[in-house]
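Notes follow once the structure below has been shown.
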Amino acid sequence: MASPLKSLVCDDDRYQKCFKLFLERSSEHQCMRDFIHNTLPDILASVGSGKSLLNVIGVGSGEGLVDLEMLSQLCQKHPGVLVDNEVVEPSSQQLYKYKVMVGQKPDLEHITFTWNKMTASEFEEHWRQKNITKKADFIHMLQMLYYVKDPGATISFFQSLLDKNGKLLIILVSGESGWGKLWGTYRSQLCNEEISQCVTTADIKSLMDARGVPYQSYELQSHMDITECFTEGDQTGELLLDFLTEVLDFSQTASPELRQGVLQLLRDPQCSEEKGGRVLFNNNLGVIVLDALS
């Protein structure tokens with residue numbers, strides 16, 4: 001049964017507010033940065049070996065902070081190489097922030113940016129309609145597979161764009177995270193499958209295993225302070241609850257039973273730990289790296 005609750009992504013302003021708060025309250029970007037600086041360089045070492053131009057596609061790039069860190073590592077691994085960077089992002093707010101940041105950074109003259117204000121599926125349609133034959137050396141999809149109708153088909157399409165030695169990097173919440181437990185329990189009530197999927201790296205691994213597609217995987221430790229969620233009427237708590245459930249105005253629109261059940265589970269040791277009077281939600285991420293289809 002389709003969820004009667006309205007998805008948070010229906011209201012971009014509210015979504016951006018929740019997302020900003022989530023980044024402030026979680027170690028998400030820090031654990032991604034650690035991975036990008038410590039592990040990603042080795043993954044990128046073999047990308048486009050010997051080429052003078054590397055093609056990159058960022059799918060769901062947001063405001064570009066993490067993108068630029070990855071591009072920096074790519075350029076350090078392949079000094080002097082030119083980069084053609086396709087940015088795919090449906091939020092005009094996020095795209096604007098990304099463009100402003102690029103305009104302020106002095107050391108990006110070797111990177112060309114193409115801005116695509118579209119969803120992943122719109123980009124796929126655009127690519128097919130234009131019959132584009134360009135191949136990509138590095139594609140990254142960070143925290144965006146929740147917003148496509150068929151994550152498996154989306155992965156297949158982008159993997160098909162990889163050139164020889166190309167890499168597709170996927171980051172999602174881990175199946176072992178609090179998100180995995182929350183979605184496993186309340187999938188039917190919370191997940192609007194038309195707009196967002198309750199998908200974790202565990203789901204993607206099962207999919208790849210079933211297809212016989214090899215991959216590398218990594219786990220990243222992360223947490224999110226959700227203490228205010230348990231103070232009724234707290235504005236920060238309301239925004240965090242919207243983000244956790246992906247439901248617009250969750251506290252006002254969910255049934256009392258669903259709200260109570262979700263709050264109880266969020267505080268459960270399966271999802272969170274309590275430290276120094278704060279409730280820290282398990283926000284662990286998983287990374288999956290795919291090679292070009294052989």
Side-chain angles (χ1 to χ4, degrees), residues 3 5-9 11 13-39 62-63 65-66 69 94 142-143 146 171-191 196 198-202 218-287:
S3 168
L5 299 168
K6 205 168 181 188
S7 175
L8 178 60
V9 295
D11 183 336
D13 280 345
R14 176 91 172 173
Y15 179 86
Q16 299 306 335
K17 238 184 239 177
C18 294
F19 184 61
K20 182 173 181 285
L21 184 61
F22 161 69
L23 290 180
E24 287 167 10
R25 286 309 191 87
S26 76
S27 58
E28 167 123 346
H29 271 185
Q30 190 50 55
C31 79
M32 279 192 197
R33 272 194 196 101
D34 291 345
F35 172 80
I36 287 165
H37 290 273
N38 301 328
T39 310
E63 60 187 13
L65 267 172
V66 181
E69 295 217 17
Q94 297 285 72
L142 274 49
Q143 296 286 46
Y146 319 112
I171 297 185
L172 284 173
V173 294
S174 163
E176 300 306 305
S177 67
W179 299 98
K181 306 290 184 294
L182 180 66
W183 292 339
T185 310
Y186 290 107
R187 185 181 299 262
S188 58
Q189 289 103 308
L190 295 179
C191 294
S196 58
C198 298
V199 63
T200 70
T201 47
Y218 307 84
E219 289 282 313
L220 313 182
Q221 304 296 310
S222 174
H223 64 264
M224 168 187 179
D225 186 338
I226 61 167
T227 311
E228 284 80 4
C229 289
F230 305 97
T231 306
E232 199 168 339
D234 185 283
Q235 213 172 0
T236 296
E238 305 271 302
L239 287 168
L240 288 170
L241 268 176
D242 280 15
F243 192 79
L244 283 160
T245 58
E246 281 277 327
V247 170
L248 187 61
D249 297 320
F250 175 76
S251 288
Q252 279 71 49
T253 57
S255 69
E257 296 77 25
L258 178 59
R259 188 172 179 276
Q260 189 185 351
V262 165
L263 285 171
Q264 208 170 334
L265 182 62
L266 287 176
R267 201 157 200 159
D268 191 281
Q270 292 180 79
C271 284
S272 302
E273 61 171 337
E274 301 206 22
K275 264 189 180 174
R278 308 301 292 177
V279 182
L280 303 178
F281 181 73
N282 179 333
N283 184 54
N284 288 0
L285 303 178
V287 180

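Starting from 1, each residue takes its place in the sequence as its number.
- With sequence neighbours left out, Q270 forms a side chain to side chain donor-acceptor pair (under 3.5 Å) with D268.
- Not counting sequence neighbours, the partners of E24 by the salt bridge (Lys or Arg N to Asp or Glu O under 4.0 Å) test are K20.
- With sequence neighbours left out, the salt bridge (Lys or Arg N to Asp or Glu O under 4.0 Å) criterion links R267 to E274.
- Contact between L240 and C229 at its shortest, heavy atoms only, is CB-SG, 3.6 Å.
- When the side chain to side chain contact (heavy atoms under 4.5 Å, CB included) test is applied to E63, the partners found at least two apart in sequence or on another chain are L65, Q94, K97.
- For E28, the side chain to side chain donor-acceptor pair (under 3.5 Å) test picks out Q143, N283, with sequence neighbours left out.
- Between I36 and E69, the closest heavy-atom pair is CG2-O, 3.9 Å.
- Screening residues 221-230 for salt bridge (charged side-chain N to carboxylate O under 4.0 Å, His left out), with sequence neighbours left out, gives R25-D225, R25-E228, D225-R278, E228-R278.
- S177 and N284 make their closest contact through CB-O, 3.5 Å (heavy atoms, listed as atom of the first residue, atom of the second, distance).
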Please table the atom pairs, donor to acceptor, closer than 3.5 Å between any side-chain atom in residues 230-237 and protein atoms at least two apart or in another chain.
unit_1 : atom_1 : unit_2 : atom_2 : d
D234   : OD1    : T236   : N      : 3.0
D234   : OD1    : G237   : N      : 2.9

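- Scored by the side chain to side chain donor-acceptor pair (under 3.5 Å) test, S272 finds no partners at all (sequence neighbours excluded).
- Between V173 and V199 the shortest heavy-atom distance is CG2-O, 4.0 Å.
- Residues L244 and W183 share a closest heavy-atom pair of O-NE1, 4.3 Å.
- Residues satisfying the salt bridge (Lys or Arg N to Asp or Glu O under 4.0 Å) test with R14, not counting sequence neighbours, are D242, D249.
- The list of ring pair (Phe, Tyr, Trp, His ring centres under 6.0 Å) pairs with a residue in residues 249-285, not counting sequence neighbours, reads W179-F281.
- Here D11 pairs with nothing under the salt bridge (Lys or Arg N to Asp or Glu O under 4.0 Å) rule; sequence neighbours left out.
- A pairwise comparison of heavy atoms in T200 and G180 identifies CG2-CA, 4.0 Å as the closest pair.
- Here the side chains of T253 and K6 are not in contact, with every heavy-atom distance at 4.5 Å or above.
- S27 is linked by a side chain to side chain donor-acceptor pair (under 3.5 Å) to S222, counting only residues two or more places apart in sequence or in another chain.
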